[in-house]
Amino acid sequence: MNTLICKIDKEKIDQSVIDQAGSILSQGGLVAFPTETVYGLGADALQGKAAQRIYQAKGRPSDNPLIVHIAEIEALNRIVKEIPKEAALLADRFWPGPLTMILPKAECVPDDTTGGLDTVAVRMPDHPVALALIQAAGGYVAAPSANTSGRPSPTRAEHVAEDLMGRIDMILDGGAVGIGLESTIVDLSGEVPVILRPGAITLDMLSEVIGTVVMDKGLIEENSNVRPKAPGMKYRHYAPKARLCIVEGQQQNVIDRIKQLASEKCEEKVGIICTEETADAYHYGIVKTIGARNNEESIARNLYGILREFDQSEVEVIYSESFETPIMGQAIMNRLLKAAGHNKIIV
Ligand code: TXA
Ligand code: MG
């Protein structure tokens, strides 16, 4: 299959490109597009056959449900059984934005989209290209992150091309994304709202609007046998080719331990992930600066890109500092720990 790549400027959207992409989706095709979190791989959410193609293109297990993206709040009614009060409040406060809500699904949403579940995940992305595309496609676009299953999510169109060239119909290249980590997922289908995946919208931000919100047990109890409730969270994910090890603790201790571990390896075979504040301390191995500790957004934005960069090098092992920053820290460490298969040293 020939994959068409079209540049698109989010400040000055070329409607003819959007119309072309929209008609590909309406005909059951696949289009990758930028959102504010990561690039998504879109298909018409209400056509089961189109959703199936997403699983084929990504090599994604078919029990892992997709998020349905909408462009206006009125579109929610048609795909859910009911809109609980909490959902209305959260939509009002955080949509468009990096929040996905799980709600009981309406009949019209095919099993292929929800992985056979009786709930559906819904999100309204905060990106003009994504919103225009959803409108052009008829209002409902199922979109997982546009990576091959198991690889880090794409934060630039080049990452999408790396994984999916020749497997999808079109890539809309809107440049680098803003946030760099996937949306927060909150399950509103049960008694108490539960966070299934941490993201830029934190538990505190949600509680401020709807009161009690809890974290899924499968997320807090690392290495526990509790199964995460979002099917996708149980798979090994975001994983670089090299072995990744996270070193956590007081800053100087972390630096000392990483230097010691690195010096035991051959120079080209070891990678180090550090921050602007600590970069000068490392003189050995392939050292990459992820961002600044005093600018946690920069760390979130660069995480997946750095993991992909290391895949292009020969490193066998990567040592990373730990990033427990105030707001994005939980989401950053959730992804980093998954990428490391929970391989962590505390110093
Ligand atoms: O930021 C994002 O959410 C991005 C952009 C493209 O919008 N999308 C994204 O999709 O991260 P994906 O497929 O990579 O992750 C969706 C997660 C998976 O872990 C999946 O298991 C979970 O959401 N999920 C989807 N529907 C669900 C449902 N009905 N119940 C529980 N978990 C669900
Ligand atoms: Mg994903």
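Values below: every heavy atom of this structure, side chains too, minus hydrogens, waters and symmetry copies. In each ligand, atom 1 is the first atom listed, and ligand 1 is the first ligand listed. All values derive from a computational prediction rather than experimental measurement.
- Residue S183 has at least one nitrogen or oxygen atom sitting less than 3.5 Å from a nitrogen or oxygen atom of ligand 1, judged on distance alone.
- The L117 neighbourhood of ligand 1 comprises atoms 28 (C), 29 (N), 30 (N), with distances under 4.0 Å to a heavy atom of that residue.
- Put simply, the side chain of L172 reaches to within 4.5 Å of the side chain of P34, judged on heavy atoms.
- With atom 28 (C) of ligand 1 as the reference point, the heavy atom nearest to it among V194, I102, T184 is part of I102.
- Considering backbone and side-chain atoms together, K58 places no N or O closer than 3.5 Å to any N or O of ligand 1.
- Shown in contact with G40 at under 4.0 Å from a heavy atom are these atoms of ligand 1, numbered in order with element: 6 (C).
- The nearest pair of heavy atoms linking L164 to N147 is CD1-N, 4.4 Å.
- Taking a cut-off of under 4.0 Å to the non-hydrogen atoms of I67, the atoms of ligand 1 that pass are 3 (O), 8 (N), 9 (C), 10 (O), 16 (C).
- Checking P154, P125, P65, A32 against atom 24 (N) of ligand 1, the nearest heavy atom belongs to P65.
- Comment: R93 does not engage E208 in a salt bridge, judged by the lack of any side-chain N to carboxylate O separation of less than 4.0 angstrom.
- Residue contacts to the Mg ion (ligand 2): S145 brings an N, O or S atom closer than 2.8 Å.
- When the options P144, A146, G42 are ranked by their closest heavy atom to atom 12 (P) of ligand 1, first place goes to P144.
- Neither the backbone nor the side chain of D187 has a heavy atom within less than 4.0 Å of ligand 1.
- The closest donor-acceptor contact from the side chain of E248 to the backbone of K344 lies at 3.5 Å or more, if one exists at all.
- For the 3.5 Å distance criterion, the side chains of D204 and T202 fail to qualify, holding no donor opposite an acceptor.
- Contacts of S145 with ligand 1, taken as heavy-atom pairs under 4.0 Å, involve both backbone and side chain.
- Salt bridge R308/E158: absent, no basic N to carboxylate O contact under 4.0 Å.
- Heavy atoms of A143 approach ligand 1 to within less than 4.0 angstrom.
- Both V120 and L99 belong to a single network of hydrophobic side chains, linked directly or stepwise wherever heavy atoms of I, L, V, M, F, W or Y lie under 4.5 Å apart.
- Salt bridge annotation for D173-K7: present, with a cationic side-chain nitrogen under 4.0 angstrom from a carboxylate oxygen.
- The proximity of R60 to ligand 1, defined as any non-hydrogen pair under 4.0 Å, is limited to the side chain.
- Within the listing of ligand 1, atoms 17 (C), 22 (C), 23 (O) sit less than 4.0 angstrom from a heavy atom of I185.
- Residue Y282 is not grouped with residue V315 when hydrophobic side chains (ILVMFWY) are merged at heavy-atom distances under 4.5 angstrom, including chains of intermediate members.
- Every atom of ligand 1 with a heavy atom of N64 under 4.0 Å away is listed here by number and element: 18 (C), 20 (C), 21 (O).
- Side-chain atoms of E182 and S153 include a donor-acceptor pair closer than 3.5 Å.
- In summary, the side chains of D256 and Q260 do not present any donor paired with an acceptor at a separation below 3.5 Å, with no hydrogens or angles considered.
- Here is the list of ligand 1 atoms found below 4.0 Å of a heavy atom in T37: 1 (O), 2 (C), 4 (C), 5 (C).
- Under 4.0 angstrom from ligand 1, the non-hydrogen atoms of T119 come from both its backbone and its side chain.
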